[in-house]
Amino acid sequence: NAIHALLVGLGFEAKLHAASMFDSDINHGTTIVTIDGERWMVDTSLHGDIPVSLRSEPTAVEHAGFVTSVRPDGDQWIFECQTPDPNFRIPCRIHDEMDHAFTLEANEKSRAWSPFNSGIMVGINDATGVWMLKDNKLARIEAEGTTTTELQDSEVDEWMIETSGHSPQLVAEVRAILDFQAESVES
């Protein structure tokens with residue numbers, strides 16, 4: 001976990017923890033940092049740019065309309081992050097501390113079914129909201145609400161280069177892999 005390595009390298013007391021997206025089997029990892037005795041969850045997959053305090057009472061943080069909430073559940077926590085659908089939030093349970101090898105194993109278990117592994121998934125925070133791209137659906141979440149747009153493949157590629165800053169070479173490689181996968185399914 002890169003954010004864990006960065007935080008440890010900067011001198012923070014950071015621990016990897018097992019987690020379960022959709023509150024199912026362990027298939028995710030997150031980082032918990034302790035600062036002045038208080039624990040904070042730092043998870044770059046949540047599209048929030050503010051660490052979430054892990055307190056004994058429910059808490060939430062908001063970034064320009066994008067809300068991440070956390071509530072204790074026994075000796076664990078359940079956090080929920082927003083999606084473009086206002087009626088659907090992704091739950092994730094934070095479990096016990098784990099090591100890097102366990103992180104790799106958990107990620108491998110979810111390879112075949114995770115929505116993060118089967119297509120394009122990009123999230124970007126900026127001063128006024130959050131961009132979320134999943135395959136050909138681009139959503140913009142702001143305090144005023146959410147807008148969603150369907151994009152053509154060429155528009156997705158252009159957005160990834162122009163807005164999210166991915167290199168044209170990387171975008172071309174991703175597109176080639178997705179096209180190959182689509183052709184394999186069709187034949």
Side-chain angles (χ1 to χ4, degrees), residues 1-63 65-125 130-135 137 139 141 164 166 170 174 177-178 181:
N1 186 313
I3 194 74
H4 172 261
L6 175 65
L7 290 167
V8 168
L10 292 171
F12 286 94
E13 180 186 336
K15 305 287 184 192
L16 289 172
H17 278 256
S20 52
M21 298 297 284
F22 303 103
D23 199 13
S24 62
D25 293 334
I26 292 174
N27 55 27
H28 185 67
T30 194
T31 301
I32 296 179
V33 177
T34 302
I35 301 172
D36 294 333
E38 187 170 354
R39 292 186 289 186
W40 298 82
M41 180 184 68
V42 181
D43 194 320
T44 57
S45 66
L46 296 179
H47 306 290
D49 59 352
I50 304 168
V52 180
S53 177
L54 300 174
R55 299 181 180 157
S56 58
E57 69 275 350
T59 188
V61 295
E62 179 184 355
H63 168 81
F66 188 88
V67 178
T68 301
S69 61
V70 178
R71 63 181 161 77
D73 188 43
D75 61 348
Q76 300 173 341
W77 293 274
I78 296 179
F79 68 85
E80 293 183 337
C81 60
Q82 195 167 340
T83 69
D85 178 350
N87 298 314
F88 179 67
R89 297 178 60 77
I90 298 175
C92 184
R93 180 177 296 276
I94 302 173
H95 297 275
D96 298 325
E97 189 177 330
M98 65 177 177
D99 61 15
H100 183 69
F102 191 88
T103 302
L104 297 176
E105 181 182 322
N107 288 338
E108 195 59 39
K109 283 172 43 176
S110 69
R111 180 180 299 277
W113 65 265
S114 173
F116 305 107
N117 298 336
S118 60
I120 295 174
M121 178 77 73
V122 179
I124 300 173
N125 296 10
V130 175
W131 288 104
M132 296 178 80
L133 174 68
K134 172 65 174 128
D135 298 323
K137 185 178 283 188
I141 300 172
S164 69
H166 290 86
L170 175 65
V174 168
I177 291 168
L178 293 173
Q181 289 174 336

**OP:** State the CG-CD1 distance between Leu7 and Ile32, to the nearest 0.5 angstrom.
**Re:** 12.0 Å
Side-chain donor-acceptor contacts of residues 51-59 below 3.5 Å, not counting sequence neighbours, with atom names and distances?
from  : atom 1 : to    : atom 2 : distance (Å)
Ser53 : OG     : Glu38 : OE2    : 2.5
Ser53 : OG     : Arg55 : NE     : 2.9
Arg55 : NE     : Glu38 : OE2    : 3.2

Original post:
Lys134 versus Ile120: any side-chain heavy-atom pair under 4.5 Å?
Top reply: no
Original post:
With Ala60, which residues qualify under side-chain contact (heavy atoms from CB on, under 4.5 Å), at least two apart?
Top reply: Val67, Ser69
**OP:** To the nearest 0.5 Å, tell me how far His4 NE2 sits from Thr30 OG1.
**Re:** 11.0 Å
**OP:** Quick one: pull up CG in Asp73 and CD1 in Ile78 and give me the separation to the nearest 0.5 Å.
**Re:** 4.0 Å
Original post:
Is the backbone N or O of Met98 less than 3.5 Å from a side-chain atom of His17, with the two atoms forming a donor-acceptor pair by type?
Top reply: no
Subject >> Side-chain heavy atoms of Arg93 within contact of Trp77, under 4.5 Å >> reply: no
**OP:** Look up atom CD1 in Ile90 and atom OG1 in Thr68, then write down how far apart they are to the nearest 0.5 Å.
**Re:** 10.5 Å
**OP:** Taking side chain to side chain donor-acceptor pair (under 3.5 Å) as the test, write out the residues that go with Asp96, two or more places apart.
**Re:** none
**OP:** Begin with the C-alpha distance, continue with both residues' side-chain angles, and end with the deciding distance and a verdict on side chain to side chain contact (heavy atoms under 4.5 Å, CB included) for Thr31 and Met41.
**Re:** CA-CA 6 Å; Thr31 301; Met41 180 184 68; over 6 Å; no
Subject >> Qualifying residues under salt bridge (charged side-chain N to carboxylate O under 4.0 Å, His left out), relative to Arg39, sequence neighbours excluded >> reply: none
**OP:** Report the residues that fulfil salt bridge (charged side-chain N to carboxylate O under 4.0 Å, His left out) with Arg89, sequence neighbours left out, ordered by chain and then residue number.
**Re:** Glu80
Original post:
With His100, which residues qualify under side chain to side chain donor-acceptor pair (under 3.5 Å), at least two apart?
Top reply: none
Original post:
What residue pairs, at least two apart or across chains, pass salt bridge (Lys or Arg N to Asp or Glu O under 4.0 Å) with a residue in residues 8-17?
Top reply: none
Subject >> From Asp43 atom CG to Cys92 atom SG, the distance as rounded to the nearest 0.5 Å >> reply: 7.0 Å
Original post:
Quick one: side chain to side chain donor-acceptor pair (under 3.5 Å) partners of His95, sequence neighbours excluded?
Top reply: Ser20, Gln76
Original post:
Between CD1 of Ile141 and CH2 of Trp131, what distance do you get to the nearest 0.5 Å?
Top reply: 11.0 Å
**OP:** May I ask you to test the Val122-His166 pair for a side-chain heavy-atom distance under 4.5 Å?
**Re:** yes
Original post:
Can you name the residues that form a side-chain contact (heavy atoms from CB on, under 4.5 Å) with Ile177, not counting sequence neighbours?
Top reply: Gln181
Subject >> Listed partners of Asp99 passing salt bridge (charged side-chain N to carboxylate O under 4.0 Å, His left out), at least two apart >> reply: none
Original post:
For Val130, does its backbone N or O pair with a side-chain atom of Asn125 as donor and acceptor, under 3.5 Å?
Top reply: no
